[in-house]
Amino acid sequence: MAIKKINTAVLISGRGSNLKNLIFFSKKKNSPIIIKLVISDNSRAKGLIYAKKNFIKFKVIKNKDRKIFENKIKNELLHNKIKFICLAGFMKILSKNFVNKFKNKIINIHPSLLPKYKGLNTHEKVLKNKDKFSGCTVHFVNENLDSGKIILQKKIKVLKNDNLASLKKKVLMIEHKVYPKAIIKILK
Ligand code: GAR
């Protein structure tokens with residue numbers, strides 16, 4: 001019997017490789033999500049192309065006032081009957097008020113082994129500190145930066161000859177494996 005897929009929105013700010021990967025995953029028979037909406041806070045986000053190509057509704061929402069910005073997003077989510085939200089390279093911190101409206105329904109992927117290296121430039125920090133491992137984390141979103149409960153994490157080895165480009169590439173490859181697994185873990 002076909003499973004009933006959960007109406008999902010993906011929020012992006014840029015390139016959208018995780019969005020592309022989630023769209024691919026959502027089309028699989030055993031995926032628990034269907035992507036109904038893509039929201040970007042950046043009209044030039046390259047990732048919007050994947051929404052267009054796949055005929056997924058997309059909206060660019062921008063506003064300097066966080067309350068107005070979040071209200072617009074909230075209205076769009078409610079209007080499209082969205083029940084689950086994946087942040088995929090979405091570079092804004094959501095307020096407590098917003099997060100509480102979708103409690104335990106918003107998840108994020110971050111390119112480090114949280115709680116290490118919240119925020120930006122994670123790979124630079126890994127290399128600078130000569131860490132032996134790096135990786136990525138999928139976690140629930142709360143009002144603090146990269147701080148909600150961890151759902152799934154995957155480690156990779158940092159090799160002596162790794163540089164910024166190679167590390168970014170390796171971590172992104174495992175992000176694309178881990179995000180769908182984390183979704184299955186919490187929704188199935
Ligand atoms: C990914 O590496 C994602 O983990 C990171 O931004 C990149 C987006 O790439 N997210 C964060 O740093 C959030 N704190 P993408 O646009 O190709 O998916």
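Order of appearance sets the numbers: ligands from 1, and atoms from 1 within every ligand.
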For [atom], which protein heavy atom lies nearest, and how many Å away is it?
{"atom": "atom 16 (O) of ligand 1", "answer": "Gly16 N, 2.7 Å"}
{"atom": "atom 3 (C) of ligand 1", "answer": "Glu175 OE1, 3.3 Å"}
{"atom": "atom 14 (N) of ligand 1", "answer": "His110 ND1, 3.0 Å"}
{"atom": "atom 12 (O) of ligand 1", "answer": "Pro111 CD, 3.4 Å"}
{"atom": "atom 10 (N) of ligand 1", "answer": "Ile109 O, 3.6 Å"}

Residues [X] and [Y] bridged, charged N to O under 4.0 Å:
{"X": "Lys125", "Y": "Asp131", "result": "no"}
{"X": "Lys170", "Y": "Asp162", "result": "yes"}
{"X": "Lys92", "Y": "Asp41", "result": "yes"}

Inset, instruction - Say whether Asn108, considering both its backbone and side-chain N or O atoms, lies within less than 3.5 Å of an N or O atom on ligand 1. - result: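 No, no N or O pair falls under 3.5 Å.
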
Inset, instruction - Could you tell me whether some N/O pair between Gly14 and ligand 1 is separated by less than 3.5 angstrom? - result: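 So ligand 1 has no N or O lying under 3.5 Å from an N or O of Gly14.
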
Close-contact set for ligand 1 against [X] heavy atoms, below 4.0 Å:
{"X": "Ser17", "value": "15 (P), 16 (O), 17 (O), 18 (O)"}
{"X": "Gly89", "value": "6 (O), 8 (C), 10 (N)"}
{"X": "Met91", "value": "6 (O), 10 (N), 11 (C), 12 (O)"}
{"X": "Arg15", "value": "9 (O), 15 (P), 16 (O), 17 (O)"}

Legend entry - Six-ring centre of Phe133, Lys155 cation under 6.0 angstrom, axis tolerance 45°: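 So Lys155 does make the cation-pi contact.
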
Inset, instruction - Answer yes or no: does atom NZ of Lys128 have more than 12 heavy-atom neighbours from other residues, nucleotides or ligands under 6.0 Å? - result: no

Inset, instruction - Would you check if the side chain of Asn144 reaches a backbone N or O of Ser147 as a donor-acceptor pair within less than 3.5 Å? - result: no

Legend entry - Polar side-chain atom of Asn75 near backbone of Asn71 as donor-acceptor pair, under 3.5 Å: yes

Inset, instruction - Not counting sequence neighbours, which residues clear salt bridge (charged side-chain N to carboxylate O under 4.0 Å, His left out) with Asp146? List them please. - result: none

Inset, instruction - Measure Asp146 to ligand 1 on non-hydrogen atoms and call it side chain, backbone, both or neither using the 4.0 Å cut-off. - result: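 Near ligand 1, Asp146 shows its side chain, while the N, CA, C and O stay back.
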
